[in-house]
Amino acid sequence: MPPDLQALSFQTGSIFTPGAPINEKDLFAGRSEQVEKIIDAVSQRGCHAILYGERGVGKTSLSNMISAFLANRLSFVISRTNCDISDSYSSLWAKALKDIEASKRQPQLGFPSRQAVPLTAPAYEALTPDSVRRALQDLSTMASLIVIFDEFDRIKNTEVITAMADTIKALSDNSVNATILLIGVADSVNELIREHQSIERALVQIPMPRMSDHEIRTIIDKGLARLT
Ligand SMILES: Nc1ncnc2c1ncn2[C@@H]1O[C@H](COP(=O)(O)OP(=O)(O)OP(=O)(O)O)[C@@H](O)[C@H]1O
Ligand SMILES: [Mg+2]
């Protein structure tokens with residue numbers, strides 16, 4: 001293969017990435033309706049969101065774009081946790097809270113300054129919806145929090161799911177400045193979180209359909225425009 005064709009082929013592989021979620025706004029196509037719903041949930045105190053759909057429709061890519069779409073707003077700290085089958089309620093929240101704690105040490109990521117952040121150190125091994133609510137309440141006085149749990153369908157333990165619903169209820173009832181975004185492969189919200197009736201009003205449901213032909217064409221156009 002001639003060298004310039006080799007370079008082009010290499011570049012194509014880094015622009016069209018069917019194996020990895022998109023994390024660059026310029027390559028992100030369509031999904032305006034879903035983006036709007038997420039932004040709505042984030043900007044309304046007491047509102048949380050659940051994003052669900054078939055495998056591979058672009059759920060993770062969409063959640064990677066939240067910071068880009070919030071760029072000009074107030075300071076936000078976003079934590080992202082991937083759930084796995086062995087996770088307990090405590091292990092999930094330990095990962096998320098440690099992520100937020102780590103942001104405290106990088107003020108440019110959202111928290112105004114290191115000293116100004118309260119030094120809450122919850123016992124990570126015994127977290128409950130109430131201790132999580134308290135920890136988030138403290139942390140969110142400095143910056144709005146967005147806590148993402150991706151691959152939530154991996155959680156099969158109903159106690160963990162119920163505790164997550166209780167957490168959403170507690171955050172919502174206490175008007176905490178934090179938004180939980182649950183993401184998972186499912187045909188309905190019911191499949192991911194059976195207790196959703198108790199948090200119906202606090203949970204923005206965002207179904208993620210397959211892309212329209214127009215959206216798919218936009219992916220190709222944006223990618224081709226990038227190729228030099
Ligand atoms: N809005 C988009 N613009 C451009 N490409 C996208 C978009 N959404 C998804 N893609 C492409 O589709 C692929 C699958 O997307 P992604 O990994 O985000 O899906 P997913 O729903 O999170 O999948 P899974 O259910 O396996 O976790 C990505 O590799 C990415 O290349
Ligand atoms: Mg994904």
Side-chain angles (χ1 to χ4, degrees), residues 7-42 48-73 76 78-87 91-93 95-96 99-100 145-157 160-161 164 168 179-194 196 203-228:
L8 193 62
S9 156
F10 185 80
Q11 205 192 359
T12 308
S14 67
I15 290 172
F16 295 101
T17 59
I22 293 286
N23 53 17
E24 222 185 302
K25 198 176 177 188
D26 289 347
L27 294 176
F28 183 80
R31 302 304 195 186
S32 47
E33 195 183 318
Q34 287 80 9
V35 168
E36 210 171 293
K37 283 186 173 171
I38 291 193
I39 303 296
D40 267 3
V42 165
H48 303 270
I50 185 161
L51 178 65
Y52 63 95
E54 277 179 81
R55 183 155 289 291
V57 285
K59 302 179 295 298
T60 303
S61 299
L62 175 63
S63 70
N64 281 346
M65 285 304 113
I66 295 177
S67 55
F69 285 110
L70 288 170
N72 300 324
R73 311 217 184 171
F76 278 93
I78 302 181
S79 98
R80 162 179 295 285
T81 301
N82 271 355
C83 306
D84 65 62
I85 199 145
S86 65
D87 271 316
S91 72
L92 280 180
W93 276 101
K95 288 192 255 183
D99 219 19
I100 299 171
L145 308 176
I146 301 173
V147 190
I148 302 173
F149 293 101
D150 202 348
E151 315 270 346
F152 195 69
D153 54 291
R154 300 275 180 97
I155 306 291
K156 303 292 180 204
N157 183 336
V160 179
I161 297 170
M164 195 57 94
I168 289 175
T179 306
I180 295 185
L181 172 62
L182 302 177
I183 303 176
V185 177
D187 291 333
S188 68
V189 172
N190 206 31
E191 244 175 72
L192 283 181
I193 182 158
R194 245 153 281 121
H196 70 94
L203 200 61
V204 177
Q205 305 184 6
I206 311 172
M208 190 79 171
R210 289 188 185 178
M211 281 190 153
S212 63
D213 288 350
H214 174 72
E215 285 173 314
I216 291 172
R217 235 172 277 128
T218 314
I219 295 184
I220 298 169
D221 291 345
K222 286 192 166 201
L224 289 179
R226 187 65 87 74
L227 285 174
T228 49

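Each ligand, and each atom within it, is numbered from 1 in the order the structure gives. Everything numeric in this text was worked out from a predicted model, so none of it was measured.
A distance-only check finds a donor-acceptor pair linking the side chain of Thr12 to the backbone of Leu8 [under 3.5 Å]. Between the side chain of His48 and the backbone N or O of Thr179 there is no donor-acceptor pair closer than 3.5 Å. Under a 3.5 Å cut-off, the side chain of Thr17 and the backbone N or O of Gly13 do not form any donor-acceptor pair. Between the side chain of Lys95 and the main chain of Asn82, a donor-acceptor pair closer than 3.5 Å is present. When atom types are taken as modelled, the side chain of Glu36 and the backbone of Glu33 share no donor-acceptor pair closer than 3.5 angstrom.
Protein heavy atom nearest atom 17 (O) of ligand 1, with residue, atom name and distance: Pro21 CG, 3.7 Å. For atom 31 (O) of ligand 1, the closest non-hydrogen atom on the protein side is Thr17 O, 2.9 Å. Distance from atom 20 (P) of ligand 1 to its nearest protein heavy atom, with residue and atom name: Lys59 N, 3.4 Å. Protein heavy atom in closest approach to atom 13 (C) of ligand 1: Pro18 O, 4.0 Å. The nearest protein atom to atom 12 (O) of ligand 1, hydrogens excluded, is given as Gly56 O, 4.4 Å; this is a heavy-atom distance. Counting protein heavy atoms only, atom 26 (O) of ligand 1 is closest to Arg55 NH1, 2.6 Å. Of the protein's heavy atoms, Ile22 CG1, 4.4 Å lies nearest to atom 11 (C) of ligand 1. Of the protein's heavy atoms, Gly58 CA, 3.6 Å lies nearest to atom 8 (N) of ligand 1.
The distance from ligand 1 to the heavy atoms of Val57 drops below 4.0 Å at these ligand atoms: 19 (O), 21 (O). Under a 4.0 Å criterion applied to the non-hydrogen atoms of Phe28, ligand 1 contributes the atoms 1 (N), 2 (C), 3 (N). Under a 4.0 Å criterion applied to the non-hydrogen atoms of Val185, ligand 1 contributes the atoms 25 (O). For ligand 1, the atoms lying closer than 4.0 Å to a non-hydrogen atom of Thr60 are 18 (O), 20 (P), 22 (O), 27 (O). Each of the following atoms of ligand 1 lies closer than 4.0 Å to a heavy atom of Ala29: 1 (N), 2 (C), 3 (N), 4 (C).
Heavy-atom proximity to atom 7 (C) of ligand 1, evaluated over Arg31, Met211, Glu24, Lys25, is greatest for Met211. For atom 4 (C) of ligand 1, the nearest non-hydrogen atom from the set Leu27, Asn64, Ile220, Asp153 belongs to Leu27. Of all the listed residues (Gly53, Gly223, Ser61), Ser61 holds the heavy atom that lies closest to atom 18 (O) of ligand 1.
More than 12 heavy atoms of other residues, nucleotides or ligands shown are found within 6.0 angstrom of CG on Asp40.
Using a 4.0 Å cut-off between charged side-chain N and carboxylate O, Lys59 and Asp150 make no salt bridge. Between Asp87 and Arg154, none of the side-chain N atoms (NZ, or NE/NH1/NH2) sits under 4.0 Å from a carboxylate O, so this pair counts as no salt bridge.
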Let me see the working for Ile155 and Ile85 under side chain to side chain contact (heavy atoms under 4.5 Å, CB included), right down to the final yes or no.
-> CA-CA 5 Å; Ile155 306 291; Ile85 199 145; over 6 Å; no

For side chain to side chain contact (heavy atoms under 4.5 Å, CB included), just list the numbers for Leu27 and Arg226, CA-CA rounded to whole Å, side-chain angles, deciding distance to a tenth of an Å, and then say yes or no.
-> CA-CA 9 Å; Leu27 294 176; Arg226 187 65 87 74; 4.0 Å; yes

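Asp84 and Ser86 form a side-chain donor-acceptor contact under 3.5 Å, judged by distance and modelled atom types alone. Looking only at atom types and distance, the side chain of Asn64 has a donor-acceptor partner in the side chain of Arg80 under 3.5 Å away.
Contact annotation for Ile219 and ligand 1: only side-chain heavy atoms (C-beta onward) come within less than 4.0 Å of the ligand.
Within the sub-2.8 Å shell of the Mg ion (ligand 2), the protein contributes these N/O/S atoms: Thr60 OG1.
Atom CD of Glu54 is separated from atom CG of Asp187 by 7.5 Å, given to the nearest 0.5 angstrom. To the nearest 0.5 angstrom, Thr218 atom OG1 is 7.5 Å from Met211 atom CE. We find the CD1-CG distance between Ile38 and Leu70 to be 9.5 Å, quoted to the nearest 0.5 Å.
Geometrically, ligand 1 and Ala20 share a nitrogen or oxygen pair separated by less than 3.5 Å.
In this structure, Glu151 is part of the shell of residues with a heavy atom less than 4.0 angstrom from ligand 1.
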